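The structure appears right after this line, and notes come after that.
Worth saying up front: this structure is predicted, and the values here are computed from it rather than measured.
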Amino acid sequence: MPQILGLAFTRRYGLYAAVLAASVILLVLSLANSHFLPAFIVMLILAGIGTYDVRQTHHSLRRNYPIAAHIRYLLEEMRPEIRQYFLESDTDGVPFNRNERSLVYQRAKGQLDKRPFGTELDVYSASFEWLNHSVAPKEPATEPFRITIGGPDCTQPYSASIFNISAMSFGALSAAAIRALNRGAKLGGFAHDTGEGGFSPHHRPEGGDIIWEIGSGYFGCRDETGHFSPERFAKQAAEPQVKMVEIKLSQGAKPGHGGVLPGAKVSPEIAQTRGVPEGVDCISPARHSAFSTPTEMMRFVAQLRTLCQGKPVGFKLCLGHPWEFLAIAKAMTETGIYPDFIVVDGSEGGTGAAPLEFVDHIGMPLREGLMFVHNTLVGLNIRERIKIGASGKITAAFDLARTLAIGADWCNAARGFMFALGCIQSQNCHTDRCPTGVATQDPIRQRALVVPDKAQRVFNFHRSTVEALAEVIAAAGLDHPSELQPWHFSKRLGAVRVQTLDQIYRFMPPGELLDGTEDPVFKDAWRMARSDSFQPAAGT
């Protein structure tokens, strides 16, 4: 109780403090005049609700905002009826009770995710898409849908879930959030990408599978000058919990910008973990210092694979200049060094802070980027040895299925798992004032996120989404997601025009780049690409 009273005088507990004070005042007044007794009873009930809110562990918002959070919940309950009355919808045009956050919350909490009265979407809008179902559907598969990642040069391949946690760093997320994500990953047998903030102490205790992301700051494997340290990398990469290593070239939220952790979130613990000054903006360089050409990059891939004793090594990027990725592809074929996987991050992705222009207008969207990478590898006859992951606003089974159909082997999600942790999209990720304890280093705010409870929700969300994927592909008459093809999906392009995805997009036949392509998307870019530089070839 003393702790609760102490917390009550902070701004977040202002309403709770006011109710406690009013209860005491009304108690005194009611002893003198019984007319104040009803008001005292009301205040006493509210004080009880507030005290319960602070002490319970299931709802982060109520722990940080006792009593006040119920006002939000009331408005959320009223919103569907209000929307129906005024014929309004959510800001993105999606009905409130169908948006991605509501879907994740329901699945994470184990609630029923069914809806009455059919679709509320405009099926005649120019962007509407659907999966073509079969008149002979299959029984939904009960297997967990896993794929093996690791090419011929990999001696420790990894059996990965088809759906994993995308890169979110300790520092951007709280220690409690990291632990909850990793415990959920352990419960569900799926992977947790560390983000470029490194393999922190909070990733370790729960024992979930780790994809260690190595960014340009080399956090966790940097020397005193901020450059890559082979010795420090080898030491951490040897830990059994680390299953794969991912070099981050760029990310969807701010491609070409480098990582940014605002100084307000660089706590003493973050500073020690990353090896940077406390309270100062932690900015990862926009480019790597360990390599400067595509060929050097491939040698870096080979070096990391040797240092981590043959575990899968790959890279992540948001596509930009097409000739730059083709230059990397040329370096692969010329050196004979191939990554085990490539993760394509769409420009529409992102969970934390980034400049507005980078969020909205820089980088290639996921679908175009994924197809470009897939077509490149097919055109060079190397698609079979390199797995492709994809991330960028993937939260529901339909998102998974469509992404797998156009070239991905597995998918990652960030915001979906943040929603499972309790994120309400308050858009305070960069201010250290996250109201639910997900994206903050404030120890008081973090106490709202109770690790065992939120870990179970992370597990529930993953399990329910994969189960929904099994139902979706079964409806199409398929047994496994690997059977999905572009022609299984249709898209409306106008009032009277519908095409399947294979009719809309061109999928390159095997070996076409080697034989000399005439595809306008690739022809000039392939000629411009050079393995000895990321700059285009002279004279192009």
Side-chain angles (χ1 to χ4, degrees), residues 147-155 157 214 244-250 287-288 290-308 310-345 364 368-390 406-410 505-540:
I147 62 164
T148 300
I149 303 173
D153 300 319
C154 174
T155 58
I214 309 297
M244 302 201 302
V245 175
E246 175 185 279
I247 304 166
K248 192 203 85 169
L249 301 182
S250 58
R287 61 187 299 170
H288 281 261
F291 55 87
S292 59
T293 70
T295 298
E296 290 177 0
M297 177 182 161
M298 289 303 102
R299 290 177 182 150
F300 187 56
V301 168
Q303 180 188 16
L304 294 187
R305 191 154 46 210
T306 299
L307 290 171
C308 69
K311 294 178 181 180
V313 175
F315 61 89
K316 179 183 86 172
L317 81 167
C318 176
L319 266 287
H321 294 309
W323 64 82
E324 292 180 345
F325 180 77
L326 293 177
I328 296 172
K330 281 188 175 180
M332 294 179 199
T333 59
E334 291 177 12
T335 62
I337 301 170
Y338 299 91
D340 297 292
F341 64 91
I342 298 171
V343 175
V344 182
D345 202 15
M364 195 177 294
E368 286 74 17
L370 171 59
M371 292 186 57
F372 190 89
V373 170
H374 173 72
N375 277 337
T376 297
L377 300 186
V378 170
L380 293 175
N381 285 332
I382 57 176
R383 178 65 179 88
E384 294 302 316
R385 67 182 298 159
I386 301 174
K387 293 294 192 294
I388 299 178
I406 62 173
D409 294 297
W410 87 89
Y505 303 110
R506 182 177 186 269
F507 291 85
M508 185 174 287
E512 183 175 307
L513 275 177
L514 296 174
D515 297 335
T517 183
E518 294 298 321
D519 188 324
V521 174
F522 285 88
K523 183 178 179 179
D524 290 339
W526 182 249
R527 179 171 49 84
M528 296 165 69
R530 45 188 291 196
S531 61
D532 64 341
S533 175
F534 287 108
Q535 298 299 317
T540 58

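The two atoms that bring Ala290 and Phe300 nearest to each other are CB-CE1, 3.7 Å, heavy atoms only. For the residue pair Thr295 and Ala331, the shortest heavy atom distance occurs at N-CB, 3.8 Å. Between Ala327 and Ala529, the shortest heavy-atom contact is N-CB, 3.5 Å. In terms of heavy-atom proximity, Arg506 sits nearest to Met371 at O-CE, 4.1 Å. In terms of heavy atoms, Phe341 sits closest to Met244 at CE2-SD, 3.9 Å. The two residues Ser250 and Cys318 have their closest heavy-atom pair at OG-N, 2.8 Å.
Interatomic distance, Met332 CE to Ile382 CD1, rounded to the nearest 0.5 Å: 5.5 Å. Separation of atoms CG (Asp340) and CZ (Arg305) is listed at 4.5 Å; rounding is to 0.5 Å. For the atom pair CZ (Arg299) and OG1 (Thr293), the distance works out to 7.0 Å, reported to the nearest 0.5 Å. Separating the CG atom in Leu370 from the CG atom in Leu319 is a distance of 9.0 Å, to the nearest 0.5 Å. Atom NE2 of residue His288 and atom NZ of residue Lys248 lie 7.5 Å apart, to the nearest 0.5 angstrom. The line from OG1 of Thr376 to CD1 of Ile342 is 8.5 Å long, rounded to the nearest 0.5 Å.
Side-chain N or O atoms of Ser531 include none that pairs as donor or acceptor with a backbone N or O of Pro294 at under 3.5 Å. Using modelled atom types, no side-chain atom of Lys311 and backbone atom of Leu304 make a donor-acceptor pair closer than 3.5 Å.
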Met298 and Phe291: CA distance, side-chain angles, deciding distance, side chain to side chain contact (heavy atoms under 4.5 Å, CB included) verdict: CA-CA 9 Å; Met298 289 303 102; Phe291 55 87; over 6 Å; no
Working for side chain to side chain contact (heavy atoms under 4.5 Å, CB included), residues Val343 and Trp410: CA-CA 9 Å; Val343 175; Trp410 87 89; 3.8 Å; yes
Asp153 and Arg385: CA distance, side-chain angles, deciding distance, side chain to side chain contact (heavy atoms under 4.5 Å, CB included) verdict: CA-CA 10 Å; Asp153 300 319; Arg385 67 182 298 159; 3.7 Å; yes
Chi angles and distances behind the side chain to side chain contact (heavy atoms under 4.5 Å, CB included) call for Leu249, Ile328: CA-CA 12 Å; Leu249 301 182; Ile328 296 172; 4.1 Å; yes
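Using a 4.5 Å heavy-atom cutoff, the side chains of Pro339 and Ile386 are in contact. Put simply, the side chain of Asp524 does not reach to within 4.5 Å of the side chain of Trp323, judged on heavy atoms. Contact check for His374 versus Phe507: side-chain heavy atoms found under the 4.5 Å cut-off. A heavy-atom distance below 4.5 Å is found between the side chains of Ile388 and Leu377. Residues Leu513 and Met508 meet the side-chain proximity criterion, which asks for heavy atoms closer than 4.5 Å.
No more than 12 heavy-atom neighbours from other residues, nucleotides or ligands sit within 6.0 angstrom of CZ on Arg287.
A salt bridge links Asp409 with Arg383: the closest approach of a Lys/Arg side-chain nitrogen to an acidic carboxylate oxygen falls below 4.0 angstrom.
Note on ring orientation: taking the six-membered ring where Trp is involved, the planes of Phe372 and Phe522 are parallel (angle under 30°, cut-offs 30° and 60°).
With a 6.0 Å cutoff to the six-membered ring centre and a 45° limit on the axis angle, Lys330 counts as a cation-pi contact of Trp526.
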